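Proteins get letters first, then strands, A, B, ... in listed order; numbering begins at 1 in each. In this text, all values refer to a predicted model and were calculated from it rather than measured experimentally.
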Amino acid sequence: MFVLFAAAFSYAFTFKKAAAAYPFLVNGVGCLLCIIYFIQISIKEAHDSNPPAASKLTKKQKIDIIATIIISLAYVLLVQVVGYMVMTFLYLLLFSYYLDKSHKKITYVLVALGFDIVLYLAFELFLHVPLPTGFLI
Amino acid sequence: MISIANILAGISTAFQIQNILYALLGTALGIAFGAMPGLSASMGVAVLIPLSYGMDPASGLILLASVYCGATYGGSISAILVNTPGTPAAAATAADGNKMALHGHAMEALTESAVASFWGGTLSVFALLFLAPPLASFSLKFGPQERFMLAVFGLTIIASLTSKNIVKGLIGGFLGLLIGCVGMDPKLGSLRYTFGIMNLYTGIPLVPALIGIYSISQVFAMIKKQGTVQVDEALKEVNHYRIHIRDLFYNVKAYIICGIVGIIVGIIPGAGGSIAAFLGYDTARRLDKHPERFGTGYRNGVSGPESANNGVTGGAMIPMLTLGIPGNAVTAILMGGLAIQGLTPGNGLFTDKAYIIYPFIIGLFIANFFMLLMGLFGSKYFAKVNKLPQNFLATGILVLTVVGAYAVHNSFTEIYIMLAFGMLGYFLRSFKFDLSPVVLGMILGPIAEKAMSQAAGTSHGYLPALASCLTRPICIVLIALSVVSVVGPIWSNYKAAKNGQTIVEEEPED
């Protein structure tokens with residue numbers, strides 16, 4: 001966090017003087033708070049003979065999180081190309097199966113299809129809120 | 001001048017069967033809009049304005065006002081159940097509401113939310129009915145200095161929200177202020193931190209950012225936790241809760257006082273439901289016998305924000321109806337609804353057009369009543385959302401958030417912003433940072449900077465503008481409240497440490 005505030009502080013030098021005043025203040029105080037927090041943590045750890053163990057992610061959890069990020073990004077990119085309804089069906093079907101394979105396969109298909117239909121009815125037909133389209137719906 | 005005859009005539013018109021049905025429909029639609037992240041009260045009202053064209057003026061306005069009322073409450077449903085505020089104003093409710101749900105008390109949280117919203121909304125209807133003209137003139141006294149100090153006061157609530165580690169909370173708050181710097185500066189219009197991305201010229205869009213920081217980070221957390229048993233065990237409590245009459249009076253003091261806070265904030269143009277909700281949370285905390293329980297899944301932590309944010313509904317209409325100054329985005333759109341019906345804000349609304357306005361106001365009360373009924377009797381069904389398998393729930397939330405972020409401005413860039421904030425939110429949660437201070441900073445930072453720029457313009461400099469805050473009575477009150485807001489938690493922690501009590505650092509739920 002300190003790095004973020006420091007980087008934003010230095011970048012603020014590229015702004016016009018009057019426009020930079022507020023970012024300087026925010027980032028300056030932010031850096032100061034990070035230093036205070038660091039000192040606080042250091043003092044606490046020095047006095048604490050039994051520091052709590054940091055919670056660690058298992059390998060599966062790490063893979064799941066990374067997969068979620070990549071698949072979700074791919075979903076959003078493909079929505080623009082293919083279309084929201086089709087990609088949503090595929091995403092719900094495949095990604096929910098990836099996360100948990102314990103249900104019957106027909107359940108995944110029905111949930112994905114049902115969700116798609118409800119979304120279409122609610123947004124497109126009833127509310128007239130346009131859904132993103134690509135070369136398909 | 002209050003006319004009892006007009007009020008009685010308004011009651012008679014509002015209780016006609018078609019108006020009752022419109023209030024019911026509007027409330028139900030509003031709850032659906034509010035519960036879905038990305039959709040909002042503004043969108044609900046905007047989408048339904050064309051529907052009101054062909055309707056009787058009073059009926060059309062009742063429908064629109066009911067949507068507003070329902071949506072304001074509806075945001076709390078997703079905030080409580082899946083830690084995904086449906087509307088920015090529900091962000092404060094998530095602090096305790098979601099923790100209650102995780103501990104198996106989802107129905108209590110939803111019940112409390114409905115009851116508190118009803119109290120806040122009803123109080124605001126009474127304020128609108130009886131106090132509109134004098135309260136509207138109060139709103140005119142709010143200049144840039146007052147708006148600046150109100151925003152600063154709102155920011156000091158960070159200290160209360162994160163009293164166990166104020167420094168960490170302030171870091172989050174200043175991160176939010178930094179995010180609020182993105183875009184054009186209010187004085188010169190020069191660009192800051194936009195990196196050439198055109199969609200950032202007007203700043204980080206709030207709704208996609210909020211959806212991302214709460215919803216997407218929540219999805220990551222659900223995926224990380226999925227397959228664990230604790231959630232299922234806790235949910236067994238859900239169906240055991242029975243609603244009692246005493247639920248309607250669970251925390252009356254907080255309902256009334258926080259509702260009044262919401263009304264006052266609603267009257268101030270630009271202040272909005274989010275500020276009211278956090279102020280309501282802080283007010284409820286100060287009123288409570290056990291302030292240390294706030295943030296741990298405490299039912300009273302839901303009362304304050306929900307009463308306050310529904311108090312805004314009537315409050316925001318006061319300057320709109322009397323002075324033509326919308327209190328927030330929704331009332332700005334509602335003014336469009338008024339214009340369509342040929343109505344002009346001002347004293348004439350309450351005299352010549354009393355046959356339209358009074359039914360509209362009474363209709364708001366009917367909508368509040370329906371909101372209470374739907375909230376109380378629907379909570380058992382809303383709470384079942386948490387029983388859905390986590391894999392379907394997580395993917396479903398993600399899909400809804402994508403359409404929610406897209407629907408705001410039909411922009412894919414906002415979907416990417418949402419995902420980026422989702423990762424930021426997950427990163428913050430991983431390092432045990434609370435999200436509420438970040439959100440507060442994002443909302444209040446731009447308001448504070450803009451108000452200070454305006455004050456500096458009229459006072460010929462920032463220092464004179466700051467000095468002028470010390471000569472304005474409303475600013476002095478807000479400064480005093482801000483000092484109490486910061487010093488209070490620090491003093492409580494010091495006393496607790498002196499008495500040998502261990503301050504357990506509250507870790508945000510994963």
Options A:Ala20, A:Pro23, A:Gly30, ranked by heavy-atom pairs under 4.5 Å with chain B, top entry: A:Pro23

Which of A:Cys34, A:Ser96, A:Ala67 touches chain B most, by non-hydrogen pairs under 4.5 Å: A:Ser96

Look up atom CG in B:Leu398 and atom CD1 in A:Ile71, then write down how far apart they are to the nearest 0.5 Å. 10.5 Å

Contacting moiety of B:Ile171, where chain A heavy atoms sit under 4.5 Å: both

What part of B:Leu188 gets closer than 4.5 Å to chain A, counting heavy atoms only: side chain, backbone, both or neither? side chain

Side chain, backbone, both or neither: which part of B:Met423 has a non-hydrogen atom closer than 4.5 Å to chain A? side chain

Between B:Thr395 (side chain only) and B:Phe392 (backbone N and O only), is there a donor and an acceptor less than 3.5 Å apart? yes

Contacting region of A:Leu119 [heavy-atom separation from chain B under 4.5 Å]: side chain

Where on A:Tyr75 is there a heavy atom nearer than 4.5 Å to chain B: the side chain, the backbone, both, or neither? side chain

Sole residue of A:Ile36, A:Ile35, A:Ile41, A:Ile39 in side-chain contact (heavy atoms from CB on, under 4.5 Å) with B:Val167: A:Ile36

Tell me, for A:Ala12 versus chain B, whether the close heavy atoms (under 4.5 Å) come from the side chain, the backbone, both or neither. both

Can you tell me if A:Tyr108 uses its side chain to pair, donor with acceptor, with the backbone of A:His103 under 3.5 Å? yes

Is the count of non-hydrogen atoms from other residues, nucleotides or ligands lying under 6.0 Å from A:Tyr120 atom OH greater than 12? no

Please classify the contact of B:Leu175 with chain A as side chain, backbone, both or neither, using a heavy-atom distance under 4.5 Å. both

By a 4.5 Å heavy-atom criterion (distance strictly below it), what part of A:Phe95 contacts chain B: side chain, backbone, both, or neither? both

Shorter than 4.5 Å, heavy atoms on both sides: which option in A:Leu77, A:Leu4, A:Val76 has the most such pairs with chain B? A:Val76

Under 3.5 Å, side chain of A:Thr14 to main-chain N/O of A:Tyr11, donor-acceptor pair present? yes

When the 4.5 angstrom heavy-atom criterion is applied to B:Tyr416 and chain A, the contacting part is side chain

Spacing of A:Tyr97 atom OH and A:Leu93 atom CG [to the nearest 0.5 Å]: 10.0 Å

Please look at B:Phe412 and chain A and tell me whether the side chain, the backbone, both or neither of the residue comes under 4.5 angstrom of a heavy atom of that chain. side chain

Heavy-atom contact with chain A under 4.5 Å, split by part of B:Ile415: side chain

Under the criterion ring-ring contact (aromatic ring centres under 6.0 Å, His included), I'd like the reasoning laid out for A:Phe9 against A:Phe5: C-alpha separation, chi angles, the key distance, then a yes or no. CA-CA 6 Å; A:Phe9 187 92; A:Phe5 282 121; over 10 Å; no

Would you say B:Arg192's side chain and A:Phe15's backbone share a donor-acceptor pair under 3.5 angstrom? no

Chain B contact via A:Val111 - which portion, at a heavy-atom distance below 4.5 Å: side chain

Please check if any side-chain donor atom of B:Asn391 sits under 3.5 Å from a side-chain acceptor atom of A:Tyr98, or the reverse. no

